[in-house]
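This report refers to the structure that appears directly beneath it.
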There are 2 protein chains.
Amino acid sequence: MEQHMLANIKLLGQKAAQAIDVDLMAKHGFAIEQLMELAGLSVAESIAAEYARGRVLLCIGPGNNGGDGLVAARHLALYGYRVALFYPKQPQKDLYRGLLRQCHAFQIPVVQDLATAIGDSDVIVDALFGFSFAGLPRAPFDRVLEALCGTDKPIVSVDVPSGWDVEAGDREGTGLRPDMLISLTAPKKCAAGFKGRFHYLGGRFVPPEMAASLGLPDYPGTSSCIRLH
Amino acid sequence: MEQHMLANIKLLGQKAAQAIDVDLMAKHGFAIEQLMELAGLSVAESIAAEYARGRVLLCIGPGNNGGDGLVAARHLALYGYRVALFYPKQPQKDLYRGLLRQCHAFQIPVVQDLATAIGDSDVIVDALFGFSFAGLPRAPFDRVLEALCGTDKPIVSVDVPSGWDVEAGDREGTGLRPDMLISLTAPKKCAAGFKGRFHYLGGRFVPPEMAASLGLPDYPGTSSCIRLH
């Protein structure tokens, strides 16, 4: 059954993923705030399905992947997790500033010392880079990635394991091996190289015609996420 | 236990409800699109908890209560309900136009003949007016309210039964008696006069300090809604 689900899903290349995002907004009328809210909610719900209520550190990147992480942080706090953010490069766009203020309202601390924060966590969320990323992470994210590769705490990657090529996977040999991958909207080609324990799909907002063309599975009940394997 | 939950909740007057909305956005950095998405999601999840997958007609008003209804319609479609909208006055604001376009992407029809649509439905959602409403519904909503009062199909009211006073309840004697009331953010004073079967609370986005001051209960697990009675 689970193999069956994966077999039917069309894995997306980088351009196809970008085109779908454009379609959702320009053609179907979604606001970025809606898509990010539902994506981040599904990240939090996936984590809650597999990891006991404990301490979660979210490493937040400078773009939309980081935005998904900020939303997930807030929902994890609502679910009773003890949440902290590592957010070394905070963009000034209203979208991200608003998401960070929401985290402040939930008394989620922003930590400065990554090594200590990793030591103090049970699960670490990699929300650094998503499907728009290409090349190799630059400072300060190169160091963040090194730290994520150097811990034996479980890593949860949002949409794409950071540093991996969106299509070719870990071509650069970063060595990042997440325990969980949460694909958003639809899995990207690099998901074929994911060997961790839990592969989830989230972002339950895809219109039926688009979902059929991508071979997406039916989500169960009212859940915002579905386990693929 | 359930009595206990209700006893601790502070029922909001109209001004207090408006002040909380302002606080969530101006002080805590939420965008209206986020709050509406989470509110509408909780409306859909509440309905899915009590009514079998069937035909749902959503009657949509011209303001934010209608916006919550449009979001709920989309999520109900994702849950497998057969959904239709009655939406007699469609505002031109980008927010509402976007939400309607999303419904179009989900192939949700907008019906014109209310009496026929009510006959064809198993459940009817009253998303006409919320906590900003005062006075008596004007045309064309006076007729919509009459139709909702004249059916024996179950009515689900979003936040405030339409035509009721936000604080005093059905002072004007509209006669609307919803089967379900879904309070959003926190119940309003009129909820004290609700005698239907199901009272839910949704809108799981309230920061902890505000939630404590309102006496809100803890939501279970990852649910976006909680049954109050």
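Because only heavy atoms are used, hydrogens play no part in the values below, and waters and symmetry mates are left out as well, while side chains stay in.
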Note to self: Using heavy-atom distances under 4.5 Å, tell me whether A:Met210 contacts chain B through its side chain, its backbone, both, or neither.
What the structure shows: neither
Checklist line | Proximal component of A:Leu41, with respect to chain B [non-hydrogen, under 4.5 Å] | finding: side chain
Margin query: Under 4.5 Å from any heavy atom of chain A, what part of B:Met25 do you find: side chain, backbone, both or neither?
Written below: backbone
Margin query: Closer than 3.5 angstrom, by distance alone: can the side chain of A:Arg101 be matched with the main-chain N or O of B:Ala26 as a donor-acceptor pair?
Written below: yes
Item checked: Neighbour count above 12 (heavy atom, 6.0 Å) for B:Lys89 NZ -> no
Notebook entry, point to check: Would you call B:Phe205 and A:His75 a side-chain contact if the rule is heavy atoms closer than 4.5 Å?
Noted result: no
Check: Using non-hydrogen atoms only, which part of A:Ile32 is less than 4.5 Å away from chain B: side chain, backbone, both, or neither?
Finding: neither
Item checked: Heavy-atom proximity to chain A below 4.5 Å, by part of B:Leu100 -> neither
Margin query: As an exercise, state the distance from OG of B:Ser223 to CD of A:Glu45, rounded to the nearest 0.5 Å.
Written below: 9.0 Å
Checklist line | Choice from A:His28, A:Gln102, A:Arg74 maximising heavy atom contacts with chain B below 4.5 Å | finding: A:Gln102
Notebook entry, point to check: How about B:Gln34 and A:Glu37: does a side-chain donor come under 3.5 Å of a side-chain acceptor?
Noted result: yes
Margin query: Counting only heavy atoms from other residues, nucleotides and ligands, does the tally under 6.0 Å from CZ of A:Arg82 exceed 12?
Written below: no
Next item on the list: Look at A:Ala44, A:Gly98, A:Ala49, A:Ser224 and state which one has the largest set of heavy-atom pairs under 4.5 Å with chain B.
Entry: A:Gly98
Note to self: Please classify the contact of B:Arg53 with chain A as side chain, backbone, both or neither, using a heavy-atom distance under 4.5 Å.
What the structure shows: side chain
Check: Can you tell if the side chain of B:Glu209 reaches within under 4.5 Å of the side chain of A:Gln107, non-hydrogen atoms only?
Finding: yes
Next item on the list: For each of A:Lys27, A:Arg97, A:Met36, tally heavy-atom pairs with chain B at distances under 4.5 Å, and name the one with the top tally.
Entry: A:Lys27
Notebook entry, point to check: Is there a side-chain contact between B:Phe30 and A:Glu33, using heavy atoms and a 4.5 Å cut-off?
Noted result: no
Check: With only heavy atoms counted, which part of A:His104 is less than 4.5 Å from chain B, the side chain, the backbone, both or neither?
Finding: neither
Item checked: Exercise: identify the closest heavy-atom pair between A:Ala105 and B:Pro208 -> O-CD, 3.7 Å
Note to self: Is it the case that atom NZ in B:Lys93 sees more than 12 heavy atoms from other parts of the structure closer than 6.0 Å?
What the structure shows: no
Next item on the list: Any chance you could measure B:Asp218, atom CG, to A:Leu78, atom CG, to the nearest 0.5 Å?
Entry: 10.0 Å
